[in-house]
Amino acid sequence: MVFAAPGSGQGKTTVVTGLLGALRRRGDRVAPFKVGPDYIDPGYHRLAAGRTARNLDPVLVGADRIGPLLHHGSAGADIAVVEGVMGLFDGRIGGDEELAFGSTAHVAQLIDAPVVLVVDAKGQSHSLAALLHGFRGYRPQVKVAGVVLNRVGSARHEQVLRSAADNAGLPVLGAIPRTDDLEVPSRHLGLVTAVEHGAEALRAVEAMTDVIERSVDLDAVTALAGTAGDLPGPAWDPGAEVQPQGRPVVAVAGGHAFSFGYAEHVELLEAAGAEVALVDPLRDERLPGRAAGLVLPGGFPEQHAAALSANTALRDEIRAFAAGGAPVHAECGGLLYLGEELDGEPMCGVLPVRAAMSPRLTLGYRDAVAATESPLFAEGSRISGHEFHRTATEPGHGENPAWFWRGPAGAHREGFVRGGVHASYLHTHPAGNPGSVARFVTRCLR
């Protein structure tokens, strides 16, 4: 089932995280998903569900892969819970579709799942009926089938809200009291990641679970999930997307500074024959033995710049590794780490780039064309990617850019291709571009 909301900030993440924990606590095997490119919410989902959380993003992977990815990610589970993004009908801006492409409503229709609206009820009473009626009737093909009331002020407030929902023809699956105990620290791109928040994240997840367990009718939730259509199949299979080519060791950065990655990336690397070895640039002073390639995903290196800089042994090794022509795939945070400095702290010095925090948030999908031949993409390859950062680099692109795209301000060049290095702010989803993973592993074998 899908949990959506009239807009951002209504409490979807709290409700979904707590629901995952409550279902798991009573013995259900639950598979968590997030609509869109978000990396942060899935970290809390994973803690609550005890299972890898995955993204469902039609823009990045194509609409035809959403059902198969859901099928793949929910193998062996009793119930799949999908957290939406923004408001129910909010998606990519500029399309002519009846449902905005990539919206929660679009994904719910692709997987034939019922939708539960999470509504922040503070300041509302009878007007809730009009809101629910509007969302239920706006696009009848989207099955809005229930509501969870959040931030309910009192028993009397709950009674009025339940009456309003009944007038709109929607059952109330739960009413969550107003509390400040469920707050998770946030920063410039959203919540503090679960891996960084550590024990506090676990405590927050437990608190959310306790509240949802008391406030939501879990039997009603699972009964409603049972009305979903059959899983669109067959399940996505990384082994059918790429063929094994050898056994190179590919180092993939992780830890507190580099936590923005998709589970399907490692699955595709392994399906292509790679032996994936994790490296934490905050702790490890060497790359894994026999490493033939390096993946530096996004994350929050700007929050750990001093500690990353202090690990001079690994910085020196990465600089030599890249200088030797080894393939390096760096996205967003990975790009910052490869530069000369980040907020004044020395970094790896692989690229002639200085990066710093910016007052401007850069956010949005991009239809990009590979500007330069690289270990990942042939020149001219077309992909859909996503930018999400509050840092800026000087310069913004190299002599051989990674990407071209056209935006409101005209033609845009971005990123760097240098030797075996492909570094860019643009996040891509490997399940939408499996050929890039196979190409990377082939380059590692050389």
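Positions are given from 1 along the sequence.
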Please tabulate, for side-chain N and O atoms in residues 282-291, each donor-acceptor pair with protein atoms closer than 3.5 Å (sequence neighbours left out).
unit_1 : atom_1 : unit_2 : atom_2 : d
Asp284 : OD2    : Asp280 : N      : 2.8
Arg286 : NE     : Glu317 : OE1    : 2.6
Arg290 : NH2    : Glu275 : OE1    : 3.4

Extract all donor-acceptor atom pairs below 3.5 Å that involve side chains of residues 80-88 and protein atoms in other chains or at least two apart in sequence.
unit_1 : atom_1 : unit_2 : atom_2 : d
Glu83  : OE1    : His45  : NE2    : 2.7
Glu83  : OE2    : Thr13  : N      : 3.4
Glu83  : OE2    : Thr13  : OG1    : 2.6
Glu83  : OE2    : Lys34  : NZ     : 3.2

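Remark: Trp236 engages Glu241 in a side chain to side chain donor-acceptor pair (under 3.5 Å) (not counting sequence neighbours). In terms of the side-chain contact (heavy atoms from CB on, under 4.5 Å) criterion, residue partners of Asp112 (sequence neighbours excluded) are, by chain and number, Lys143. Take Asp57 and apply the side-chain contact (heavy atoms from CB on, under 4.5 Å) test, not counting sequence neighbours, and it matches Pro37, Val59, Leu60, Tyr365. In this structure Arg214 satisfies the side-chain contact (heavy atoms from CB on, under 4.5 Å) test together with Asp210, Val211, sequence neighbours excluded. Annotation: ring pair (Phe, Tyr, Trp, His ring centres under 6.0 Å) contacts of Tyr337 (sequence neighbours excluded): Phe258. Under the side-chain contact (heavy atoms from CB on, under 4.5 Å) criterion, Ala322 pairs with Val328, Val350, Val421, sequence neighbours left out. His422 pairs by the side chain to side chain donor-acceptor pair (under 3.5 Å) definition with nothing, not counting sequence neighbours. Here Phe33 pairs with nothing under the ring pair (Phe, Tyr, Trp, His ring centres under 6.0 Å) rule; sequence neighbours left out.
Taking the six-membered ring for Trp and the full ring otherwise, the centers of Phe388 and Phe260 sit at least 6.0 Å from each other. Taking the six-membered ring for Trp, Tyr39 and His427 have ring centres closer than 6.0 Å. Aromatic ring centres of Trp403 and Phe377 lie closer together than 6.0 Å.
Arg319 has no carboxylate O lying under 4.0 Å from a charged side-chain N of Glu340, or vice versa, which leaves the two without a salt bridge.
The backbone N or O of Pro32 lies less than 3.5 Å from no partner atom in the side chain of Arg51, so there is not a single donor-acceptor pair. A donor-acceptor contact shorter than 3.5 Å links the side chain of Gln124 to the backbone of Asp120. Checking side-chain atoms of Thr442 against main-chain N and O of Ala438 turns up a donor-acceptor pair under 3.5 Å. Looking at Arg413, its side chain never comes within 3.5 Å of a backbone N or O of Pro401 through a donor-acceptor pair.
Listed by first then second residue, pairs satisfying side-chain hydrogen bond (donor to acceptor under 3.5 Å, both in side chains) with a partner in residues 61-77 read His72-Glu267, not counting sequence neighbours. Identified under the salt bridge (Lys or Arg N to Asp or Glu O under 4.0 Å) test for residues 431-446, with sequence neighbours left out: Glu373-Arg439.
For the atom pair OG1 of Thr104 and CG of Asp90, the computed distance is 8.0 Å after rounding to the nearest 0.5 Å. Phe101 CZ to Arg92 CZ: the interatomic distance, rounded to the nearest 0.5 Å, is 8.5 Å.
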>> As a quick check of understanding, evaluate side chain to side chain contact (heavy atoms under 4.5 Å, CB included) for Thr393 and Arg354, giving each step before the final call.
In response: CA-CA 6 Å; Thr393 64; Arg354 295 173 183 266; over 6 Å; no

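Under 3.5 Å, the side chains of Thr52 and Arg54 contain no donor-acceptor pair of N or O atoms. Between the side chains of Glu387 and His389, at least one donor-acceptor pair of N or O atoms lies under 3.5 Å. Between Asn433 and Thr428, the side chains place no donor N or O within less than 3.5 Å of an acceptor N or O (distance only, hydrogens not considered). Looking only at atom types and distance, the side chain of Glu414 has a donor-acceptor partner in the side chain of Ser424 under 3.5 Å away.
Annotation: side chain of Phe3 is not in contact with side chain of Val115 (no heavy-atom distance under 4.5 Å).
Here the shortest heavy-atom pairing between Leu445 and Gly246 reads CD2-CA, 3.9 Å. When all heavy atoms of Leu296 and Ala253 are compared, the pair lying nearest together is CD2-CB, 3.6 Å.
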